[in-house]
Amino acid sequence: SANAATVKMGGDDGTLGFFPSSISVAAGESITFVNNKGFPHNVVFDEDAVPGGVTVDALNHEDYLNAPGESFTVTLKTAGTYEYYCEPHQGAGMKGSITVS
Ligand SMILES: [Cu+2]
């Protein structure tokens with residue numbers, strides 16, 4: 001299926017965040033996270049902030065992305081809002097959300 005969105009991990013100026021931090025996609029479209037600045041980063045979905053019945057373990061990318069340009073892609077099939085964060089930078093507010101329709 002089409003790549004619906006690309007999310008940069010770390011801003012171009014080094015800000016610790018996901019850019020854009022909020023995106024909307026259609027169910028089944030893929031979302032690619034690309035390591036940009038300030039790594040290592042990872043992506044962990046908040047098990048308390050995903051649609052009912054969704055298992056976050058199958059979506060998470062807990063391994064750290066360490067190299068520039070390194071990426072991973074996730075596809076969300078259940079409609080609703082998903083919140084996620086970067087474990088090393090959660091305290092710095094590195095988090096985002098994806099709305100699937
Ligand atoms: Cu991070």
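None of the values given here were measured: they were computed from a predicted structure. Remember, it's 1-based here, ligands and their atoms both numbered in the order they're listed.
Ring-plane geometry between Phe33 and Phe18 is classed as perpendicular, the angle between the planes exceeding 60 degrees on a 0 to 90 degree scale with a lower cut at 30.
Counting just the N/O/S atoms of His41, the one with the shortest distance to the Cu ion (ligand 1) is named ND1. When distances from the Cu ion (ligand 1) to the N, O or S atoms of His89 are compared, ND1 comes out shortest.
Val7 places none of its side-chain heavy atoms less than 4.5 Å from the side chain of Thr32.
Partner Asn42 forms a side-chain hydrogen bond (donor to acceptor under 3.5 Å, both in side chains) with one of His89, Glu87, Glu62 and no other, that one being Glu87.
Donor-acceptor pairing under 3.5 Å is recorded for the side chains of Thr15 and Asp13.
Because the distance cut-off is set at 2.8 Å, Met94 qualifies as a neighbour of the Cu ion (ligand 1) through one of its N, O or S atoms.
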